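Report on the following structure.
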Amino acid sequence: MFESEFMRLAFAVGAVIGVLAPAVGFFLVQRRLSLIGDGIGHVAFAGVALGILLDVSPILTALVAAVAGGVAIEWLRSRRLAAGDQALALVFYTGIAAGVVLVSLAGSLDVNLFQYLFGSILTVTRQDVVVVALLGLAGLLCIAVLYRAFSAVVIDEEGARVSGVPVGFLNVVLAVLAALTVALSLQIVGVLLIAALMVLPVTAATRIGWSLASTMLLSIGLGLGSVFLGLTISYYADLPPGGTIVLVAAGGVAVAAVGGALQSSTR
Amino acid sequence: MQVAPAVELESVSFAYGGGETVLREVDLRIGTGEFVALAGPNGGGKTTLLRLVLGLERPAAGAVRLYGEPAERFSARDTLGYLPQRASLALDAPVTVREIVAAGTLPARGVFGPLRRADRARVDEAIALVGLAERTDDQLRLLSGGQQQRAMIAKALAGRPRLLALDEPTTGVDAESQEALGELLARLHDDLGVTILYVSHEFGAVEHHVERLVLVRGAIVFDGPPSELPGLWHDPSHVHV
Ligand SMILES: Nc1ncnc2c1ncn2[C@@H]1O[C@H](COP(=O)(O)OP(=O)(O)OP(=O)(O)O)[C@@H](O)[C@H]1O
Ligand SMILES: [Mg+2]
C-alpha cells in the first residue's frame with residue numbers, strides 16, 4: 001500500500017496524531033475531562049464550516065476555532081461560571097449549531113463535509129504533512145517538557161496550587177494542546193471521532209500500566225498501533241479511516257480489560 | 001524592625017458562597033518555628049481555617065497574612081507544604097509511591113526544572129521517613145489506607161517546606177505510625193525550625209510535642225498550651241461551647 005503517495009502521506013500524519021492524541025488525552029482523562037476533546041471537536045466543525053464559507057484552509061480555521069473553544073471551556077470551568085460538563089455542553093452545542101448554519105450558508109452540505117466529520121485518507125497533501133509534523137512536534141515537545149508539572153497537578157491539584165505550581169496556566173496549556181490535537185486530526189480521523197483517539201488508548205493503558213509513566217507510554221503505543229492498524233485495514237477494506245481506527249482502539253480496550261483481569265487474578 | 005509572624009489572621013470572618021458564617025472574628029498569630037495543633041469538632045472550621053491561611057479561600061472580612069504578605073498573593077509558595085484532608089487520589093491511572101512523592105519536589109524545582117540526583121535522594125529520604133522504603137515502587141492503590149496516607153505525608157515532606165500544614169494526617173494511620181509521625185514532626189520542628197500546623201480532632205499523637213493548642217468551633221475557643229486545656233475539653237471532639 002505504500003506505493004501510493006496518499007497512503008505514505010496518511011501514515012506520516014497518522015504517526016504524529018497517533019502519538020499526540022493519547023499523550024494529550026492522558027492528562028485530560030486523569031483530570032476527568034475526557035469529553036473536552038469532543039466539545040472542542042464540535043467547535044472545530046464550526047471552524048471547518050467557516051473555512052468552507054470563506055474559501056480559506058478549513059484546517060486553519062478549525063485550529064483557530066478549536067483553540068478558542070478549548071480556552072472558553074477552561075475559562076468557564078475555572079471561573080466556576082458553569083460546572084465542567086455544563087461548560088462543555090454549552091460550547092459543544094454552540095459549535096455544532098454554528099457549524100450547521102455556516103455550512104448551509106456556504107451551500108455545501110455534501111460529501112466534502114462528510115470527510116471532515118469522519119476523516120478521509122485521500123485528502124492529505126504534502127503541505128498538510130509539513131504543517132501537521134511541525135505543529136505536532138511542537139505539541140509533543142510541550143508535553144515532554146511539562147510532563148512532571150502536569151503529573152503534579154493530576155496527582156494533587158490543591159497541594160500543587162498551594163505550593164505555587166501555576167495550575168491555571170497549565171490547564172490553559174492543556175486546553176490549547178487538546179485543540180491543536182483536534183485540528184491536526186481533522187483530516188484523517190474527523191471531528192466526530194477524534195476524541196476517541198484521545199481517550200480509548202488511555203483507557204486501555206490504565207488497565208495494564210504499573211505506574212504513571214508506563215501508563216503514559218503504553219497509551220502512546222496503543223494510540224500509534226491503532227492508527228497504523230486502522231489505516232491499513234481501511235486501505236485494504238476500503239473503509240473510512242476514522243471509524244476503522246476508533247474501532248481498533250475500542251478493540252484494544254476490550255483486550256486490555258481481559259488482559260488486566262487475567263493479570264490481577266494471577267497475582 | 002519586627003519580624004512578621006509566619007501566619008497572621010486579623011478579625012477574619014468567612015462564609016462559603018454567601019452561606020452561614022463558618023468562622024467569626026478570628027485573630028491568630030503563629031510565629032515562625034511554632035508547632036501548633038488545631039483541634040475541634042467536625043464542622044468546627046479547622047479545614048476552612050487552614051484553607052484561609054494557605055490563600056485557597058479569601059476572607060469575607062479581615063486580613064490573612066503569610067510572613068507579612070497577603071495570603072492569596074504570597075510570593076514564596078514553594079516554601080509551603082500542604083496535605084489536604086482525606087487526600088485520596090482523584091486519578092484512575094496507576095501511580096507509584098515514588099511518582100507521588102516526586103511530585104512534591106516540583107514546586108522547588110520549578111515547572112521546567114528537571115528531577116536532579118539531589119531531588120531523587122530527597123524523594124527516597126522522604127519515603128524512608130514515613131517507613132515506606134520497601135513499597136517505593138509499588139502502586140499506591142495496592143497499599144492500605146494508612147500507608148496511602150503516609151505516602152501523601154511523604155509528598156508534603158519532600159518539598160522541604162518551611163511551613164507545613166497537615167489536615168488530619170493520621171486518619172486511618174495505626175497507633176505506631178502515628179507515634180512515628182509525631183516524632184518525625186517534632187524533629188522537623190526542633191532541628192530545622194519548620195513551622196507546623198497540625199489539624200486533627202484527636203491530637204494524641206502530637207500531644208507531647210506541640211507547644212500550643214488552638215480549639216476551633218466557629219471561632220477560636222481556646223488558645224494555649226495543651227496542659228492548660230480545661231479538663232472538660234480534654235476530648236476536643238466533644239467541645240460544646
Ligand atoms: N466547600 C464548602 N461549601 C460550603 N460549605 C462548606 C464547604 N466546606 C465546608 N463547609 C462548611 O463549613 C463548616 C466548617 O467546615 P470545615 O470543613 O472547615 O470543618 P472541619 O473543622 O474541618 O471539620 P472536620 O473535622 O469534619 O474535618 C461546616 O459547617 C461545613 O458544612
Ligand atoms: Mg476538616
Side-chain angles (χ1 to χ4, degrees), chain A residues 22 25-34 80 84 141-171 173 199 201-219 256 260 263-264 267, chain B residues 17 50-51 53-56 66 71-72 74-85 87-115 119 137-142 151-152 155-156 158-161 163-165 167:
Chain A
F26 180 76
F27 292 108
L28 295 177
V29 170
Q30 309 314 331
R31 304 198 57 226
R32 303 197 191 281
L33 288 172
S34 320
R80 300 192 206 161
L141 195 67
C142 196
I143 293 183
V145 169
L146 292 176
Y147 170 78
R148 289 186 179 281
F150 284 138
S151 302
V153 175
V154 298
I155 285 173
D156 173 14
E157 179 162 348
E158 294 251 277
R161 210 182 276 279
V162 163
S163 301
V165 176
V167 175
F169 165 76
L170 290 168
N171 287 348
V173 171
V199 174
V202 181
T203 309
T206 299
R207 310 273 169 155
I208 44 183
W210 57 92
S211 65
L212 209 56
S214 65
T215 307
M216 172 78 156
L217 292 175
L218 281 168
S219 304
Q263 198 183 12
S264 50
R267 207 191 321 262
Chain B
L50 217 50
R51 294 177 61 84
V53 165
L54 297 169
L56 288 170
L66 278 171
E72 76 266 20
F74 181 57
S75 52
R77 289 208 157 263
D78 61 329
T79 62
L80 306 179
Y82 176 40
L83 174 71
Q85 187 170 10
S88 60
L89 287 187
L91 73 178
D92 304 320
V95 204
T96 64
V97 172
R98 187 193 297 282
E99 286 175 321
I100 287 171
V101 178
T105 66
L106 183 89
R109 285 183 281 127
V111 165
F112 302 106
L115 195 68
D119 298 309
D137 290 306
D138 284 353
Q139 289 177 41
L140 191 79
R141 61 183 169 196
L142 302 180
M152 296 309 282
K155 172 179 179 291
R160 300 241 174 121
L163 181 117
L164 185 57
D167 198 346

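Chain letters run A, B, ... following the sequence lines, proteins first and then strands; every chain starts at 1. Note that the coordinates shown come from a computational prediction; the quantities given were computed from them, not determined experimentally.
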Max heavy-atom pairs within cutoff under 4.5 Å with chain B, candidates A:G164, A:A152, A:S163, goes to A:S163
Side chain, backbone, both or neither: which part of A:A205 has a non-hydrogen atom closer than 4.5 Å to chain B?
neither
Using 0.5 Å steps for rounding, measure from the CG atom of A:D156 to the OH atom of B:Y82.
8.5 Å
Over all heavy atoms of both residues, which pair between B:I100 and A:I155 is shortest? Give the atoms and the distance, please.
CA-CD1, 4.0 Å
Would you sort out whether B:Q139 and A:S211 count as a side chain to side chain contact (heavy atoms under 4.5 Å, CB included), showing the intermediate values?
CA-CA 7 Å; B:Q139 289 177 41; A:S211 65; over 6 Å; no
A quick test of your reading: do over 12 heavy atoms of other residues, nucleotides or ligands sit less than 6.0 Å from CZ of A:R207?
no
Can you give me the closest heavy-atom contact between B:V111 and A:P166, atom names plus distance?
CG2-CD, 3.3 Å
Against chain B, label A:S151 side chain, backbone, both or neither, depending on which of its atoms sit under 4.5 Å from a heavy atom there.
neither
Specify which of B:P107, B:A103, B:G104 makes the most heavy-atom pairs with chain A at under 4.5 Å.
B:P107
With a 3.5 Å distance limit and no angle check, can you tell me whether A:E158 reaches the backbone of B:P84 through a side-chain donor-acceptor pair?
no
Shortest non-hydrogen contact from A:W210 toward B:T96
O-CG2, 3.6 Å
Flag side-chain contact, heavy atom, 4.5 Å: B:R77 against A:R161:
no
Roughly how far, to the nearest 0.5 Å, is CG of B:L140 from CG of A:L212?
11.5 Å
Go through the atoms of B:L80 and report whether side chain, backbone, both or neither lie under 4.5 Å from a heavy atom of chain A.
both
Using non-hydrogen atoms only, which part of B:R98 is less than 4.5 Å away from chain A: side chain, backbone, both, or neither?
neither
